[in-house]
Amino acid sequence: MKISPKYNASEIESKWYDYWMKNNYFHSEVDEREPYTIVIPPPNVTGVLHMGHMLNNTIQDVLIRRARLLGKNACWVPGTDHASIATEAKVVAKLKEEGINKNDLTREEFLNHAFEWKDKYGGIILEQLKKLGASCDWERTKFTMDDDMSEAVIKVFVDLYNKGLIYRGFRMVNWDPEAKTTLSDEEVIYEERQGNLYYLQYDIVGSDEKVTIATTRPETILGDSAICINPEDERFTHLKGKKAIVPLCNREIPIIEDSYVDVEFGTGCLKVTPAHDENDKVLGDKHNLEVIDIFNEDASLNSFGLHYEGKDRFVVRKEIAKELEEKGYLVKVEQHTNKVGTSERTKAVIEPRLSDQWFLKMEDLAKPAIEGVLGEDRDVKLYPRKFENTYRHWMENIRDWNISRQLWWGQQIPAFYYGDGKEDFVVAETKEKALELAKEKTSNANLQASDLRQDADVLDTWFSSWLWPMSVFDGIRNPENEEINYYYPTNDLVTGPDILFFWVARMIISGYEYKDTRPFENVYLTGLVRDKQRRKMSKSLGNSPDALKLIEEYGADGVRVGLLLSSAAGNDLLFDEALCQQGKGLGNKVWSAFYLTSLWEVSGEIEQPEHSKIAIEWYKTKLQKTLAEIEDHYSKYRLSDVIMSIYKLINDDFCGWLLEAVKPAYQQPIDKKTYDEVIAIFEDNLKVLHPFMPFITEEIWQLISERTAEEALIIAKYPEINEIKDSSIIEEFDFATSIISGIRTIRKEKNIAFKDAIELYVVNNENYTKSFDSVIKKLVNASEVNYVQEKVDGASFRVKSNEYFVPISADSINVEEEIKKITEELNYTEGFLKSVQKKLSNERFVNNAPEQVVATEKKKEADALAKIETLKASLASLG
RNA sequence: GGGCGAAUAGCUCAGUUGGUUCAGAGCACUUGGUUUACACCCAAGGGGUCGGGGGUUCGAAUCCCUCUUCGCCCA
């Protein structure tokens, strides 16, 4: 068959993806083989592929494809996450564009819009993953709000409630006034903001005294319920037991004492606003203070805001400062930088707010998950290990998880209220069951379903994704089903360290709680993808390349290799398109090597030449050695080292040395034995490379010979890894490459064209094998390798204590230069010898160092001495 | 403010229990070359006081102390 000298990625990639799909290679079913399972970190259902996804999913695909080649039953479960806040925000924004206000819709109407949106945009990202070559079992695609997935979530909620682990609490939460919902601590991003520190004067009841406090939020004075001083602070002793008057609203508040107050900060005197600050809430509880909430849910002021009622907090901040100034309460304003919490999704400034929320008690649940990761047997292993410390710190200081969100898009909390009392509710999986429970609890048999009102809140998105590895196999609803028993626990999880706590830790927790086992054995934490200037890739900076365009330009294979070449686990990846170029370059190299073999005319008539025989023998050993190295890298999840080893194997060893050694002369046929062996080697190379470059390897595999569907590369058998009994051939070959390099250098220095054959003379002091002479002759175009006892006139070089001579015409020999070169080499070697001998003459070294270390030093000494002797002999003959 | 981690070639990083895998890789750079697979190529080469200082040791990139700089997480 005629092979194109150029490789066309985009055409070939879609061809093979279709072929793989058609033959159902990605699909997995329970069978007797060993399972290998990965669940995808479900991307947001409305998301589009970005560089982080590319990295992440390439790694997963490499692991899955490798497992498939190793004969395991590989199952990669794909899916998407409903991403409550992010998606709801997008739907609200879209409705707004259409002139529809969310608040004018019923819950059902809104959800209809949301599902419409999801059906339209959801899953785009999964289609994009296919372009990357992701070999997911698409028949298993899941969505965190599928009916069965939601059922599992509700079941778990009810179960945890019944275990007493879920409770309702009036707590200070992070309130996003824009999305009008609670955020978990992890969804709050703290930013440094330039603000003001306002110094305000409060009058003291029954005296002319005043007290000055400093605050960054003057609008909250309307919610003040105390002034607090440090009892040790002598400046304020005279205020003890007195009362102050809040400016503008003229409320009397107590002056309390607490050592919490930092005497250094501001005036050393603090206003206490329990409704609007976490620390103040603690103080308020301790001192039994009134709680005055001055905000509406959109952070505009309510009736406690007096004449500011209805105005936004930031507007009020400016206006109230002005009013306070006019009325003489404002002493001064200082510039002040403080950290402000903002919403990860809406960017709105977070308002600490007291409200009724649902919480999950974490302390006991976390214990097995701490032991699982940090215990001695490392039941769950984190790669790289440095994340274990971070994990420990978080898990040991874990706080209860606020699982309710004031949204509609998500699983509605299955709590049903039958009255107005705080405890007038029941928790059940369905309304029917709830009614039964409510009847029991109230002893009111006449209670109707219509009397029950379900909690309006939904559950935090992570409350569904923390069950992901179990729920995708229906392991919550049917805990003993065949699939969960087979595929769970899964093997590897690949994700970013930014969701170590959001997601990974919680899956570990739920795994131990519901299956009493780890959810996965290994967690590979990738780094973040950054640009060359180390900036995070983001839409707003516009520094994120279009993933699909990259694939178009470099091919999926090229992008995959480019991404992995520089991404050691846990290290940030500084993305540079040049890396994709390198990836594409490897593809071209492989293709061109294949093209070369396709040009060969094979003859059964000729014998295998010596140089081919020995080179193939060497490569086979080298391949085994590399396979072992690769295995070691895989076991440590060092995928960038794996691909680098493969890169060197194919680029240098296979193309650079082996093919050059066996390549027949122009228009000469190749012997059949060599051809067959090279093709077999090529096939092994393709298998090793397949997980990284699935498309081009399959293409070549199928072109090498006609294959049935059962013989496709994607399901081929990975090369066997055998222990190398004798690796001396590798060292001998390395010696040969040094000789070859030496001759190439001479050719370059003396301007000898490659087509002009040279003669080579050797003084074989090392007693080095002659096995590779045929290879050397071929690769340097030497007509003869002559073994001699004495120096020969011409250019020379040395490998260890062996001397090599290439006779050249007398006028191109520069004796002075030769002398200089050899003298330099001699000086270096003598210096080296000196340092070795110094060591060896140190009695303490000889007595204390291990025998082997001393032995190697002695060997160094002997080698150096031998070399010095040859160098001196050379000098003598020259001079 | 608390915790964790990092600093090695121009860049990105390896370097495991102190000693032949100890100063390495890839890229970039310089020089030369079409040699009938590949210029998306090949060959040869230059380049580092292992962040600074101190200590332990026969021996330190590696262990300890200290300083400097940077990153991440949490409050």
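Bear in mind the structure is a predicted one, so any value in this text is a computation, not a measurement. Lettering follows sequence order; numbering is per chain, from 1. All heavy atoms count here, side chains included; hydrogens, waters and symmetry mates do not.
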Checklist line | Nearest-neighbour nucleotide for the Arg744(A) side chain, A44(B), C38(B), A14(B) considered | finding: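 Minimum distance to the Arg744(A) side chain belongs to A44(B).
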
Check: Among G3(B), C38(B), U35(B), which nucleotide sits nearest the side chain of Glu660(A)?
Finding: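 Nucleotide nearest to Glu660(A)'s side chain: C38(B).
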
Distance-only side-chain donor-acceptor flag, [X] / [Y], under 3.5 Å:
{"X": "Thr674(A)", "Y": "Asp671(A)", "answer": "yes"}
{"X": "Tyr7(A)", "Y": "Glu699(A)", "answer": "no"}
{"X": "Asp641(A)", "Y": "Tyr634(A)", "answer": "no"}

Using a cut-off of less than 4.0 Å, is there contact between a side-chain N or O of [X] and OP1 or OP2 of [N]?
{"X": "Thr390(A)", "N": "G3(B)", "result": "no"}
{"X": "Arg399(A)", "N": "A75(B)", "result": "yes"}
{"X": "Lys584(A)", "N": "C38(B)", "result": "no"}

Check: Is RNA chain B part of any stem, that is, at least 3 consecutive Watson-Crick or G-U pairs with both distances under 3.5 Å, and where?
Finding: B:1-7 with B:68-74, B:10-13 with B:24-27, B:29-33 with B:41-45, B:51-55 with B:63-67

[X] [atom1] - [N] [atom2] separation (whole Å):
{"X": "Arg392(A)", "N": "G3(B)", "atom1": "CZ", "atom2": "C1'", "result": "12 Å"}
{"X": "Phe387(A)", "N": "C4(B)", "atom1": "CZ", "atom2": "C1'", "result": "11 Å"}
{"X": "His393(A)", "N": "C4(B)", "atom1": "NE2", "atom2": "P", "result": "8 Å"}
{"X": "Leu703(A)", "N": "A37(B)", "atom1": "CG", "atom2": "C1'", "result": "16 Å"}
{"X": "Leu500(A)", "N": "G3(B)", "atom1": "CG", "atom2": "P", "result": "20 Å"}
{"X": "Ile398(A)", "N": "A75(B)", "atom1": "CD1", "atom2": "P", "result": "12 Å"}
{"X": "Leu586(A)", "N": "C38(B)", "atom1": "CG", "atom2": "C1'", "result": "12 Å"}
{"X": "Ile350(A)", "N": "A75(B)", "atom1": "CD1", "atom2": "P", "result": "13 Å"}

Remember a base hit wins even if backbone is also touched, and classify [X] as base, sugar-phosphate or nothing at under 4.0 Å, heavy atoms.
{"X": "Tyr595(A)", "answer": "sugar-phosphate"}
{"X": "Glu629(A)", "answer": "nothing"}
{"X": "Thr597(A)", "answer": "nothing"}

Provide a list of protein-nucleic acid N or O atom pairs under 3.5 angstrom, restricted to nucleotides 29-34 of chain B.
| residue | atom | partner | partner atom | Å |
| --- | --- | --- | --- | --- |
| U31(B) | O2 | Lys748(A) | NZ | 2.8 |

Checklist line | Residue met sooner reading RNA chain B from 5', once Gln581(A) and Lys755(A) are mapped to nucleotides | finding: Lys755(A)

Next item on the list: Between Thr737(A) and Asn389(A), name the one whose nearest nucleotide on RNA chain B is closer to the 5' end.
Entry: Asn389(A)

Donor-acceptor contact below 3.5 Å, side chain [X] vs main chain [Y]:
{"X": "Lys281(A)", "Y": "Arg353(A)", "value": "no"}
{"X": "His611(A)", "Y": "Ala661(A)", "value": "yes"}
{"X": "Lys663(A)", "Y": "Ile670(A)", "value": "no"}

Write down the distance separating the [atom1] atoms in [N] and [M], rounded off to the nearest Å.
{"N": "G24(B)", "M": "C29(B)", "atom1": "P", "result": "22 Å"}
{"N": "C50(B)", "M": "G45(B)", "atom1": "P", "result": "25 Å"}
{"N": "U34(B)", "M": "G71(B)", "atom1": "C1'", "result": "48 Å"}
{"N": "A43(B)", "M": "A25(B)", "atom1": "P", "result": "15 Å"}
{"N": "A39(B)", "M": "G46(B)", "atom1": "C1'", "result": "23 Å"}
{"N": "G15(B)", "M": "A6(B)", "atom1": "P", "result": "11 Å"}
{"N": "G52(B)", "M": "A7(B)", "atom1": "P", "result": "13 Å"}
{"N": "U8(B)", "M": "U62(B)", "atom1": "P", "result": "14 Å"}

Next item on the list: Measure the NZ-CE distance between Lys584(A) and Met693(A) for me, rounded to the nearest 0.5 Å.
Entry: 10.5 Å

Checklist line | Rounded distance (nearest 0.5 Å) linking atom OG of Ser343(A) with atom CD1 of Ile350(A) | finding: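 It is 5.0 Å, given to the nearest 0.5 Å.
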
Next item on the list: Starting at the 5' end of nucleotides 16-23 of chain B, put B wherever the base has a protein heavy atom under 4.0 Å, S where only the sugar-phosphate does, and a dash everywhere else.
Entry: ---BB---

Item checked: Pair Arg385(A) + Glu388(A), salt bridge at N-O below 4.0 Å ->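 Salt bridge between Arg385(A) and Glu388(A), a charged N being under 4.0 Å from a carboxylate O: yes.
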
Note to self: Restricting to non-hydrogen atoms, name the atom on Leu55(A) and the atom on Leu563(A) that form the minimum distance, rounded to 0.1 Å.
What the structure shows: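 Heavy atoms only, the tightest pair is N-CD1, 3.8 Å.
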
Note to self: So which atom in Asn781(A) and which in Arg747(A) form the shortest heavy-atom distance, rounded to 0.1 Å?
What the structure shows: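 Here Asn781(A) and Arg747(A) meet closest at O-NH2, 3.3 Å.
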
Next item on the list: Not counting sequence neighbours, list each pair that qualifies as a salt bridge (Lys or Arg N to Asp or Glu O under 4.0 Å) and has a residue in residues 553-564 of chain A.
Entry: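 Output for this query lists Asp61(A)-Arg560(A).
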
Checklist line | Geometric class of the Phe797(A)/Tyr804(A) ring pair [parallel <30°, tilted 30-60°, perpendicular >60°] | finding: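 Tyr804(A) and Phe797(A): parallel rings.
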
For residues 649-657 of chain A, tabulate all N or O donor-acceptor pairs below 3.5 Å that involve a side-chain atom, not counting sequence neighbours.
none

Can you give me the N/O atom pairs linking the protein to nucleotides 24-28 of chain B at distances under 3.5 Å, or say none if there are none?
| residue | atom | partner | partner atom | Å |
| --- | --- | --- | --- | --- |
| A25(B) | O2' | Lys648(A) | NZ | 3.2 |
| G26(B) | O2' | Gln582(A) | NE2 | 3.2 |

Checklist line | Criterion ring-ring contact (aromatic ring centres under 6.0 Å, His included) on Tyr524(A) and Tyr383(A), from CA distance to verdict | finding: CA-CA 5 Å; Tyr524(A) 180 114; Tyr383(A) 294 89; 7.8 Å; no

Next item on the list: Take Glu766(A) and Ser801(A) through the side-chain hydrogen bond (donor to acceptor under 3.5 Å, both in side chains) test and state the conclusion after the steps.
Entry: CA-CA 6 Å; Glu766(A) 289 286 324; Ser801(A) 63; 2.6 Å; yes

